[in-house]
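Right, one structure below, let's go through it.
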2 protein chains.
Amino acid sequence: MAATRATARQPAAADRVVKPHGPTAAKRERILEAAMAVFGAYGYHKGALVEVAERAGMTHAGVLHHFGSKEGLLVAVLQYRDGEAVAGLDAREQVEGPAFLRHILDTVKENTERPGVVQAYTVLSGESVTDGHPAQEYFRERLRTLRHKIERTLAEVTGNSDPAELRDAANTLVAVMDGLQVQWLLSPDEVDMTRTVKRTLDMLLDRLSAA
Amino acid sequence: MAATRATARQPAAADRVVKPHGPTAAKRERILEAAMAVFGAYGYHKGALVEVAERAGMTHAGVLHHFGSKEGLLVAVLQYRDGEAVAGLDAREQVEGPAFLRHILDTVKENTERPGVVQAYTVLSGESVTDGHPAQEYFRERLRTLRHKIERTLAEVTGNSDPAELRDAANTLVAVMDGLQVQWLLSPDEVDMTRTVKRTLDMLLDRLSAA
DNA sequence: CCATACTTACATATGAGTCAGTAAGTATTG
DNA sequence: CAATACTTACTGACTCATATGTAAGTATGG
């Protein structure tokens with residue numbers, strides 16, 4: 001009886017820090033991987049737990065057992081993405097200065113090879129601007145972090161210190177990266193993401209250095 | 001406003017076709033307006049016909065009577081948007097050359113006053129990259145048209161004729177406009193859309209002129 | 001008086017979350 | 001070291017809410 005229910009325990013939602021090891025962790029990852037694929041393919045609202053479960057090799061109740069709710073699963077997916085060093089744009093640690101700019105370019109290039117990930121990110125961030133969307137805070141925070149990091153880097157690299165110019169430049173770079181993804185997903189042949197981002201970055205550096 | 005848009009009229013044979021006039025057309029517009037608000041606020045999938053109907057002052061069956069299906073409604077909304085001169089980015093007719101670039105800037109500025117419209121566009125275009133989304137073809141085509149128009153204009157204005165450079169520049173401009181909207185919707189205070197797009201355009205013109 | 005614009009009522013699907021129970025571990029302790 | 005207690009990872013069978021679409025009937029204005 002009620003041997004279930006380890007999940008929806010009241011004591012704060014942030015007790016998920018405990019990382020399960022071994023087969024359990026592996027199963028969780030399979031679910032997260034499946035969820036990312038499903039949310040990417042259909043969006044959060046249209047994406048069904050049943051399909052996530054199917055792809056992960058269990059029933060939807062099993063998925064719920066691990067993540068408590070659909071929203072919980074989404075949050076976990078987002079965090080999981082951040083945890084993966086590979087395609088993470090934010091570079092939470094010590095990549096600073098010019099290296100960070102190179103890192104951005106590398107990431108864009110890598111993304112070209114992973115349409116699934118790009119699709120998930122694009123769909124979810126678009127959906128996030130709807131009223132009361134659970135991923136809203138996540139994307140707001142993500143943009144904030146990224147903007148600041150880019151601002152700092154651009155200031156450091158170009159010597160420019162005009163706050164408005166730096167902010168606009170940072171927002172531009174982020175916008176180009178995100179905006180190109182939509183175009184690329186819809187018409188891959190019309191967009192060269194890597195080259196275009198590179199050019200934008202060069203332009204921004206020129207501009208900021210000149211002033 | 002008034003009895004614009006005989007929209008979904010394809011027959012052509014009999015030009016005596018009864019185009020919805022007077023109160024009928026007005027009611028249709030109320031529905032489209034409501035639908036845009038609802039799809040903007042919740043996305044296409046989460047947005048419910050019942051709510052569209054409520055805002056338009058009828059029952060959901062009434063809405064279905066006019067548009068046949070939810071998908072039909074979405075398509076109509078998209079076409080309706082294009083029909084409105086005001087915030088339409090594409091400028092399908094005779095705005096050419098520098099005037100077109102000014103038109104773009106004006107539109108961005110106007111958009112700042114219409115968060116609802118921006119939200120609808122952003123949400124829907126994001127959703128459109130999901131598998132089998134009904135708005136996919138619409139956005140693909142829209143991007144194509146816009147890209148070509150911008151390419152032509154930039155070539156004309158700067159004298160540059162490198163196809164790759166023009167394409168990248170056009171894609172960049174579109175990406176910046178779309179990308180900034182997401183950022184702006186999430187954190188309006190951190191983004192100055194008008195100024196940032198203006199700067200981007202200037203940079204692109206510089207760059208293309210220089211080469 | 002009839003096409004058009006609806007309404008009420010219904011049919012039907014789908015999807016999230018609940019619950020009880022089972023099978024398999026992992027401690028615990030006598 | 002084995003019997004017992006407790007936990008984890010599920011499944012299957014619901015519930016309940018929500019959503020699209022349909023059918024049949026009513027009202028109305030040209």
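Note on naming: letters A, B, ... go to the chains in the order of the sequence lines (proteins, then strands), and numbering restarts at 1 for each one.
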His66(A) NE2 to dG17(C) P, in whole Å, measures 16 Å
The correct set of residues in residues 53-63 of chain B placing a heavy atom under 4.0 Å from DNA chain D is His60(B), Ala61(B)
Sub-6.0 Å ring centroid separation between Tyr44(B) and His133(B)
yes
Note: Arg81(B) and Met36(B) closest approach over all heavy atoms is CD-SD, 3.1 Å
note: His45(B), atom NE2; dT20(D), atom P; distance rounded to Å ~ 11 Å
His65(A) has its side chain closest, among dG15(C), dG21(D), dA9(D), to dA9(D)
Q. Any ion pair linking Asp202(B) and Lys198(B) (charged N to carboxylate O, less than 4.0 Å)?
A. yes
When rounded to the nearest 0.5 Å, the distance separating OG1 of Thr153(B) from CD of Glu156(B) is 6.5 Å
note: Lys27(B), atom NZ; dG29(D), atom P; distance rounded to Å ~ 13 Å
Separation of dT18(D) atom C1' from Leu49(A) atom CG, nearest Å, is 16 Å
Rounded to whole Å, the CD-P distance (Glu51(B) to dA19(D)) equals 9 Å
Rounded to whole Å, NZ of Lys46(B) lies from C1' of dT14(C) at a distance of 15 Å
| said: Students often get this wrong, so: under 4.0 angstrom with heavy atoms, is Gly47(A) touching a base, only sugar-phosphate, or nothing? | reply: sugar-phosphate
When rounded to the nearest 0.5 Å, the distance separating CG of Leu201(A) from OG1 of Thr172(A) is 11.5 Å
Looking only at dG15(C), dT22(D), dG17(C), the nucleotide nearest the Leu64(A) side chain is dG17(C)
For the residue pair Tyr80(B) and Glu33(B), confirm or rule out a side-chain donor-acceptor distance under 3.5 Å.
yes
Tightest non-hydrogen contact, residues Gln136(B) and Thr130(B), listed as NE2-O, 2.8 Å
Separation of dC6(C) atom P from Arg30(B) atom CZ, nearest Å, is 10 Å
Whole-Å distance, Arg28(B) CZ to dC6(C) P, equals 11 Å
